[in-house]
Number of protein chains: 2
Amino acid sequence: MLETKAQRQSDRRAEILDAAERCFARAGFHRASMQDICGEAAMSPGNLYRYFPSKEALIAGICERNRAEAVASFAMVDAAPEFFEGLAGLARHHLVDRSRDEVALCAEIMAESRRHPEIAKLYQDIEKDIRDRIAGILKQAASRDEIRRDVDLDAAASVLMLLGDGMSWRRSVDPGFDAEKVLPLILAMVRGLLAKPDDDAPARGENA
Amino acid sequence: MLETKAQRQSDRRAEILDAAERCFARAGFHRASMQDICGEAAMSPGNLYRYFPSKEALIAGICERNRAEAVASFAMVDAAPEFFEGLAGLARHHLVDRSRDEVALCAEIMAESRRHPEIAKLYQDIEKDIRDRIAGILKQAASRDEIRRDVDLDAAASVLMLLGDGMSWRRSVDPGFDAEKVLPLILAMVRGLLAKPDDDAPARGENA
DNA sequence: AAAATGAGAATGAACGTTCACTCCAATAAT
DNA sequence: ATTATTGGAGTGAACGTTCATTCTCATTTT
């Protein structure tokens, strides 16, 4: 009984966040009105405000909800038998499988985080978390002798994130962009940067 | 006399666009009010509206103004003695020299272009222009035997744009991001992708 | 005098948020 | 067994504010 009550409230919050995600992805943060979100969530404004104290809190909620998912997806790399294979899987998951709306929503949140200090902090925490995790994966791979050691791995982590951002951005902004087409080139490039000189050659013949 | 009149009007428009750029970079498109822009331009709303018919037209104006500059910057690559040198110069110009505000403004425009169809069209025209120019440069370099020929050069152009977007994005969103630090890695990566196998080795020792 | 340039108050719509209220299920009192 | 009481869930009209845009009128230029 006690649990079901908390559960119901949590479910309601999730429903609201779903509705807000749809609205924000469709119209952007500022053009999506609370009335729109209320309509999408089939709920009156007054009631919605019992669950979230402000519009800003909706973004924060979406952020936090996505955080777990994003971070969890790194388990994939750990699980993969070999580093580059895991990286490819991660890239595919993040950059090809995700819908255009998801990506657009992400861009929306990132843009908004430049302004609301509270969201900026939350967002940067998440970024830091992800960066650390990537750096950790790189260091682990280095210690397993799967990648070169004479590369600045922190800088390399930045490069990987940058590649992810670039692909996300291009996908959301350029309708003609074909993620499937460039992904092999990207992976070859990363391999060229990180692979040990011995393992470098085999990757080359593939991208003609 | 006739020219000075047109000149004065053009100057006024430029001043307004400068003011709008500052406001948009600071507060974003939706949170920068026309009153703010009027204040920044030291001009009354009524007068400003004689120069630009709407807020949206301000973004369009900024877009068009930046277009010439962006496209012109590609002359640098043509002027460089060697392909990768020109590319490095271009990257530095676009990604390190530009102020954070400029980059943020660019992100702002890109985000907004997802919604206003008119701006979207304008923006995508510019993107196409840039992509074609990059592809042209790549093809020229290939014909000069400066880069590999067995790479999909159109896809490579996408990759280069994606790298630019990624760096811009990261710069505007991540205060700790050090463009200077990652740029060598990026260039090494691109070299690894495009350089002819013979010329590949010399680039390697540099990025320890 | 006519036209262009400018100012700034006015307008009306849209927005985020609040508030007074209803509804309903569950418990407590009779 | 019936009747109060409670309190969380939900409503939707209303509020104050903000904003893009327009209107009216003054000043300067030609």
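Only heavy atoms go into these numbers, but all of them, side chains included; no hydrogens, no water, no symmetry mates. Proteins come first, then strands; the chains are lettered A, B, ... in the order of their sequence lines, and each starts at number 1.
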So, is R12(B) close to the dG6(C) phosphate, meaning a side-chain N or O under 4.0 Å from OP1 or OP2?
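Yes, within the criterion.
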
Just N and O in the side chain of S44(B): are any of them under 4.0 Å from OP1 or OP2 of dG8(C)?
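Checking dG8(C) against S44(B), no side-chain N or O comes under 4.0 Å of OP1 or OP2.
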
Could you give the [atom1]-to-[atom2] distance, from [X] to [N], as a whole number of Å?
X: R31(B); N: dT18(D); atom1: CZ; atom2: P; result: 12 Å
X: Q9(A); N: dA9(D); atom1: CD; atom2: C1'; result: 10 Å
X: L48(A); N: dG16(C); atom1: CG; atom2: C1'; result: 11 Å
X: R8(A); N: dA26(C); atom1: CZ; atom2: C1'; result: 14 Å
X: R50(B); N: dT27(D); atom1: CZ; atom2: C1'; result: 13 Å
X: F52(A); N: dG10(D); atom1: CZ; atom2: P; result: 13 Å
X: Y51(B); N: dT21(D); atom1: OH; atom2: C1'; result: 18 Å
X: I37(B); N: dC19(D); atom1: CD1; atom2: P; result: 11 Å

Within the side chain of [X], is there an N or O that forms a donor-acceptor pair under 3.5 Å with the backbone of [Y]?
X: E112(A); Y: I109(A); value: no
X: K55(A); Y: A32(A); value: yes
X: R98(A); Y: H94(A); value: yes

Closer than 4.0 angstrom, basic N to acidic O: yes or no for [X] and [Y]?
X: E127(B); Y: R170(A); answer: yes
X: K196(B); Y: D150(B); answer: no
X: E21(A); Y: R65(A); answer: yes

Every protein N/O lying under 3.5 Å from an N/O of nucleotides 17-19 of chain C:
residue : atom : partner : partner atom : Å
dT17(C) : OP2  : Y49(A)  : OH           : 2.3
dT17(C) : OP2  : K55(A)  : N            : 2.9
dT17(C) : O5'  : Y49(A)  : OH           : 3.1

Looking for any heavy atom pair under 4.0 Å, which part of the strands does A57(B) touch: base, sugar-phosphate only, or nothing?
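No contact.
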
Indicate, with a heavy-atom threshold strictly under 4.0 Å, whether A42(A) touches base, sugar-phosphate, or nothing.
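No contact.
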
Using a 6.0 Å distance limit plus a 45 degree cone around the ring axis, check whether R13(B) lies over the aromatic ring of F52(B).
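The answer is yes, since R13(B) meets both limits relative to F52(B).
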
With nearest nucleotide decided by heavy atoms, which residue, M43(B) or H30(A), maps closer to the 5′ end of DNA chain C?
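On the 5' side of the pair lies M43(B).
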
